[in-house]
Amino acid sequence: MLPPLLLLPLVENAFKYGKNDFAFNVSLSQDAFLFEAKNEIQSSKRFAVPAKKTGIGIANVKKRLELVFPGKFSFDVSQDEKYFKVSLRIDLSD
């Protein structure tokens, strides 16, 4: 079971910092929960997030994952010239 509102900062950031091009993928199997968010970055410097800087929302998501799913998740944040991407995989196997 996922902690309440775990994904909210990731979805909120896509809308807050993104342009009009959004993609969200969620899948669940017996072994894993997968979440991916991808958004086109605003061209305005006012909204752009530096590639190596993450905000408090992403940092809090990572801390929560470490507390609830220690050693059972991967959480990747990346940015290129056009897109900001977040990938989360939680291992559900025992």
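These values consider heavy atoms only, across backbone and side chains, with no hydrogens, waters or symmetry-generated copies.
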Determine the minimum heavy-atom distance between [X] and [Y], stating which atoms define it.
X     : Y     : result
Phe33 : Leu7  : CZ-CD1, 3.8 Å
Lys19 : Ile41 : CD-O, 4.0 Å
Val68 : Pro3  : CG2-CG, 3.9 Å
Ala14 : Phe24 : CB-CZ, 3.6 Å
Phe69 : Ile90 : CD2-CG2, 3.7 Å
Leu6  : Pro9  : O-CD, 3.4 Å

- Task: Verify the neighbour count for atom CG of Asp31: are there more than 12 heavy atoms of other residues, nucleotides or ligands below 6.0 Å?
- Result: yes

Using 0.5 Å steps for rounding, measure from the [atom1] atom of [X] to the [atom2] atom of [Y].
X     : Y     : atom1 : atom2 : value
Phe73 : Arg64 : CZ    : CZ    : 12.5 Å
Asp91 : Ser74 : CG    : OG    : 9.5 Å
Lys72 : Arg89 : NZ    : CZ    : 10.0 Å
Asn39 : Asn13 : CG    : CG    : 8.0 Å

Are [X] and [Y] joined in one hydrophobic group, where the rule is that I, L, V, M, F, W and Y side chains link up if heavy atoms are under 4.5 Å apart?
X     : Y     : value
Leu34 : Leu8  : no
Phe35 : Phe22 : yes
Leu65 : Leu5  : no

- Message: Does the Lys NZ or Arg CZ of Lys38 fall within the cation-pi geometry relative to Tyr83 - under 6.0 Å from the ring centre and within 45° of the axis?
- Response: yes

- Is it true that Asp80 and Lys85 have a side-chain N and a carboxylate O under 4.0 angstrom from each other? yes

